[in-house]
Amino acid sequence: MTDKSLQELTDEELILEFQKNSTIRAFEILVSRYKNPLVNYVYRFLGSYEVSVDVVQETMIKVYRYKDSYNQIAKFSTWIYTIAGNLARTEYQRRKRKNLFSINSYGEDKDETFEIPDESYRPDIITDSGIKDKIIQDALLKVSPVYREMVILRDIQELSYEEIAEIKSLSVGTVKSRINRGRAHLQKLLKDIYNE
Amino acid sequence: MNNLNDEKRFEEIIDKLKSLNKISAPDYFESNLMRRINQEDFSKEKPEIKSKFSLSRLVPSSALVLTTIIIVLILQSSDKKILDPLQMEPKLKEEIIYREKPGAIPDESNSPIGGVEKKSTGEMIFESEEPSLLSAPVLKDESKKTEDFMPNSEIINELNVTTEGVTAPGQFEKSLDKSNLNFKQILLSDSQKQKIEMLKEKLDSLQLKKDSTKTRLK
């Protein structure tokens, strides 16, 4: 199969090709299609670029290694988002245990989360648009991870409610409810910025 | 409809989120990934399986199983009634109570001591034909134990009590010294001695009468 014809294949056809014939090119095309959306998704969830890249690479390795465990009934995007989401959550928990992210245990208000500033967002480096971006990102990281994940998938990754429900193995109603809660929390956090 | 309402309610925040810069993977992403895949030793799956049954994983589970077994054993053993010797009622020596008469020699052992069998009926009978068994040392030892013993009239009747000693009727011709007897010695007063003499005389006279009647009948 030529490269051109492979490029024309859907995600599901590509993974099938990779499963049956171990066509590395099919895998590479899948990587090129999903590397950016996944890095964006994981970065918005974790807030660290290097870690996010690492998590996405790990996701791709899992796809490569466990290609046979993919079920054709499900959409490929659902499968790969599930893997990435699980790895991102694991990393989040690991870093939380090591106090790499949050220092809320030292805060007066237990519900409030204090984030350690990311060195990549130094004021002397970032632009004006970058400042807004950082503020939203910081607010997003203060939202509970359960709601944050839903908001990212829906409003940043622009996945459908049904897709999110499938990825998270939840009902559509639960997904909607969580998304709205996350949005409400985020709105509350960003209220002051909007007024400015 | 609800979806649209929600979207409208959070329109501003949704727009803000959508306007966020899209984060892209670095240029080295694919090359780095392929390098990692090539370096990755896929035979690592075997050690993973092995690690599932490694000693460090088996120790907690085996400890749990062992603890459960111990608890079960303890609970089973505690079900059995523990007989506390301090709370037990003393066993009634039915045989002794049933057979013993007041004033009898306490049954200290079943075996005859020094040829004297202490029967619970209260009678003291000399069964042994060996007079040596009635020797002083044995009786001396036993004399302490039977200090409180008071010989009843039957025993006195059966024994030939003299001022010098006691002899069993018929069977023992050898005289016994009072000091060697294992019961409380009775010091007879003069009047008692006279009574005994009188009784002896009566017995003698009765015996003489019996003998005379026998000879007459013959």
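Chain identifiers are assigned alphabetically (A, B, ...) following the order of the sequence lines, protein sequences preceding nucleic acid strands; residue numbering begins at 1 within each chain. Bear in mind the structure is a predicted one, so any value in this text is a computation, not a measurement. Computation of the quantities below employed the complete heavy-atom set of this structure, encompassing side-chain atoms and omitting hydrogens, waters and symmetry-equivalent molecules.
- Counting heavy atoms from C-beta on, the side chains of A:E28 and B:M34 come closer than 4.5 Å.
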So A:R183 and B:R9, side chain to side chain contact (heavy atoms under 4.5 Å, CB included) or not? Walk me through it.
CA-CA 10 Å; A:R183 283 168 178 168; B:R9 192 153 61 107; over 6 Å; no
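- In this structure, chain B has no heavy atom under 4.5 Å from any part of A:I152.
- Between the side chain of A:D133 and the backbone N or O of B:N21 there is at least one donor-acceptor pair closer than 3.5 Å.
- Under a cut-off of 6.0 angstrom, the local environment of NZ in A:K75 is sparse, with at most 12 non-hydrogen atoms contributed by other residues, nucleotides or ligands.
- Within a 6.0 Å radius of CZ in A:R181, no more than 12 heavy atoms belonging to other residues, nucleotides or ligands are found.
- Shown here is B:D27, whose CG atom has no more than 12 heavy atoms of other residues, nucleotides or ligands within 6.0 Å.
- With rounding to the nearest 0.5 angstrom, the CD atom of A:Q187 is 6.0 Å from the CD1 atom of B:I13.
- Side chains of A:R44 and B:I23 form a contact here, defined as non-hydrogen atoms less than 4.5 Å apart.
- Contact of A:L140 with chain B is made through the side chain alone, with heavy-atom distances under 4.5 Å.
- Inspection of non-hydrogen atoms places A:V31, A:S32, A:K35, A:N36 of residues 31-38 of chain A under 4.5 Å from chain B.
- No side-chain heavy atom of B:F10 sits under 4.5 Å from any side-chain heavy atom of A:V151.
- Chain B forms the most heavy-atom pairs under 4.5 Å with one residue out of A:V53, A:V56, A:I24, A:N180, and that residue is A:N180.
- Residue A:R65 holds its CZ atom at 10.0 Å from CD1 of B:I37, rounded to the nearest 0.5 Å.
- Contact record, A:D54 with B:R36: OD1-NH1, 3.8 Å, taken as the closest heavy-atom pair.
- Looking at A:Q57 and B:N32, their side chains come closer than 4.5 Å, going by heavy atoms from C-beta outward.
- Counting non-hydrogen atoms of other residues, nucleotides and ligands closer than 6.0 Å to NZ of A:K20 gives a total of 12 or fewer.
- Proximity to chain B (any heavy atom under 4.5 Å) is restricted, for A:F27, to the side chain, taken from C-beta onward.
- Smallest separation of non-hydrogen atoms from A:I156 and B:L17: CG1-O, 3.8 Å.
- Across all non-hydrogen atoms, the minimal contact from B:A25 to A:Y49 is C-OH, 3.5 Å.
- Residues B:L33 and A:Y64 have side chains not in contact (no heavy-atom distance under 4.5 Å, counting atoms from C-beta outward).
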